[in-house]
Trainee: 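Can you read through this structure? Questions will come right after.
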Amino acid sequence: MKKTIIAGLAGGMAMNAAMLLTFRTLGFGWDGKGILLASPMQSHKLIAVWTEIEPLPLVVTSPLPIILGLLLFAVGHAYIYRSIAVAWPAGFLPRAIRMSGLIFFMTYLFWEFFTPFNQFGEPLPLIALELSFWAVIAAAEGAAIAWVMERSPL
């Protein structure tokens with residue numbers, strides 16, 4: 001149980017770091033002028049949600065609860081990993097790839113389809129960019145969880 005919690009916390013830290021490097025640095029920018037907000041093809045509705053409509057998303061105004069929540073989600077992902085990884089080929093890389101794929105398809109692909117595409121009318125090229133960010137984030141989390149679970153003697 002201790003190892004699973006540590007794996008989840010490692011996955012959550014990796015996820016938060018990857019989000020900082022992708023969405024914050026490139027997507028939204030530190031000054032709010034990243035490609036996802038400054039692109040002339042971007043949906044005005046999406047821009048308004050992130051910059052104008054009150055209350056603004058917590059991740060913008062008060063990120064700590066979101067950061068902590070993502071850590072908790074990653075602990076949950078580590079428990080899922082613990083229960084299903086035995087059915088996967090042994091070893092860090094095969095299991096990291098599968099966990100990353102699971103996170104990507106079950107969380108981020110669904111999110112992009114249901115919210116930016118469906119609700120915000122975001123254009124497909126920007127959704128593709130976001131999916132590439134999410135792939136990096138899923139890979140970071142999945143690899144961190146697999147690394148601790150497969151390598152750690154805890």
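The analysis underlying the following values was restricted to heavy atoms, covering all of them including side chains, and did not include hydrogens, waters or symmetry mates.
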Trainee: Under the salt bridge (Lys or Arg N to Asp or Glu O under 4.0 Å) definition, can you give me all pairs with a residue in residues 119-141, not counting sequence neighbours?
Mentor: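 Qualifying pairs, neighbours excluded: none.
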
Trainee: Just verifying a value: how many Å separate N16 CG and I137 CD1, rounded to the nearest 0.5 Å?
Mentor: 9.5 Å

Trainee: Is the number of heavy atoms from other residues, nucleotides or ligands within 6.0 Å of CZ (F73) greater than 12?
Mentor: no

Trainee: Work out which heavy atom in S43 is nearest to a heavy atom in P123; give both atom names and the distance.
Mentor: N-CD, 4.0 Å

Trainee: Do you reckon V75 sits in the same ILVMFWY cluster as I6, going by side-chain contacts under 4.5 Å, direct or chained?
Mentor: no

Trainee: Give a yes or no on whether the backbone of I80 and the side-chain of S83 come within a donor-acceptor separation of less than 3.5 Å.
Mentor: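 Flag set: sc S83 to bb I80 pair under 3.5 Å.
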
Trainee: Among F110, F117, W111, find the one that has a ring pair (Phe, Tyr, Trp, His ring centres under 6.0 Å) with F113.
Mentor: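 One option only clears the test, and that one is F117.
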
Trainee: Identify whether W50 and I47 are in the same connected component of the hydrophobic contact network (ILVMFWY, side-chain heavy atoms under 4.5 Å).
Mentor: yes

Trainee: Applying the 4.5 Å side-chain criterion to the ILVMFWY set and letting contacts propagate, would L71 and L58 be lumped into a single cluster?
Mentor: no

Trainee: Within this structure, what is the CD1-CG distance for the pair I66 and L70, rounded to the nearest 0.5 Å?
Mentor: 7.0 Å

Trainee: Does the pair L26 and L129 meet the rule for a side chain to side chain contact (heavy atoms under 4.5 Å, CB included), with working shown?
Mentor: CA-CA 10 Å; L26 302 172; L129 176 63; over 6 Å; no

Trainee: By ring-ring contact (aromatic ring centres under 6.0 Å, His included), which residues pair with Y108, not counting sequence neighbours?
Mentor: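 ring-ring contact (aromatic ring centres under 6.0 Å, His included) check on Y108 returns W134.
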
Trainee: Side chains of M19 and R24: does their closest heavy-atom pair fall under 4.5 Å?
Mentor: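 A side-chain contact under 4.5 Å is absent here.
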
Trainee: Quick one: list whatever passes ring-ring contact (aromatic ring centres under 6.0 Å, His included) with F92, sequence neighbours left out.
Mentor: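 F92: ring-ring contact (aromatic ring centres under 6.0 Å, His included) contacts with W147.
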
Trainee: Going by the salt bridge (Lys or Arg N to Asp or Glu O under 4.0 Å) test, which pairs reach into residues 93-119, not counting sequence neighbours?
Mentor: R95-E150

Trainee: How long is the straight-line distance from CG of L102 back to CD1 of I145, given to the nearest 0.5 Å?
Mentor: 10.0 Å

Trainee: Can you list, by chain and residue number, the hydrophobic cluster partners of V86 when the side-chain cut-off is 4.5 Å?
Mentor: none

Trainee: Which value, rounded to the nearest 0.5 Å, describes the distance between T4 atom OG1 and L9 atom CG?
Mentor: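 The OG1 atom of T4 sits 11.0 Å away from the CG atom of L9.
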
Trainee: Compare every heavy atom of S100 with every heavy atom of A138, then report the nearest pair and how far apart it is.
Mentor: O-OG, 3.2 Å

Trainee: For the CZ atom of F120 and the CD atom of Q42, what is their distance to the nearest 0.5 Å?
Mentor: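 It is 10.0 Å, given to the nearest 0.5 Å.
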
Trainee: Search all heavy atoms of G12 against all heavy atoms of A74 and return the closest pair with its distance.
Mentor: N-CB, 3.3 Å

Trainee: Any chain of hydrophobic side-chain contacts (each under 4.5 Å) joining M13 to M15?
Mentor: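 Result: no, two separate clusters.
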
Trainee: Looking only at heavy atoms, which two atoms of A96 and A143 are closest? And how far apart?
Mentor: CB-CA, 3.9 Å

Trainee: Roughly how far apart are Y79 OH and I5 CD1, rounded to 0.5 Å?
Mentor: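 Taking OH in Y79 and CD1 in I5, the distance rounds to 4.0 Å.
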
Trainee: Under 3.5 Å, sequence neighbours excluded: what are the donor-acceptor pairs made by side chains of residues 27-40?
Mentor:
from: W30; atom 1: NE1; to: T25; atom 2: OG1; distance (Å): 3.4
from: D31; atom 1: OD1; to: K33; atom 2: N; distance (Å): 3.0
from: S39; atom 1: OG; to: M41; atom 2: N; distance (Å): 3.3

Trainee: Establish whether L68 and L20 are linked, either directly or via other cluster members, by ILVMFWY side-chain heavy-atom contacts under 4.5 Å.
Mentor: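 L68 does not cluster with L20.
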
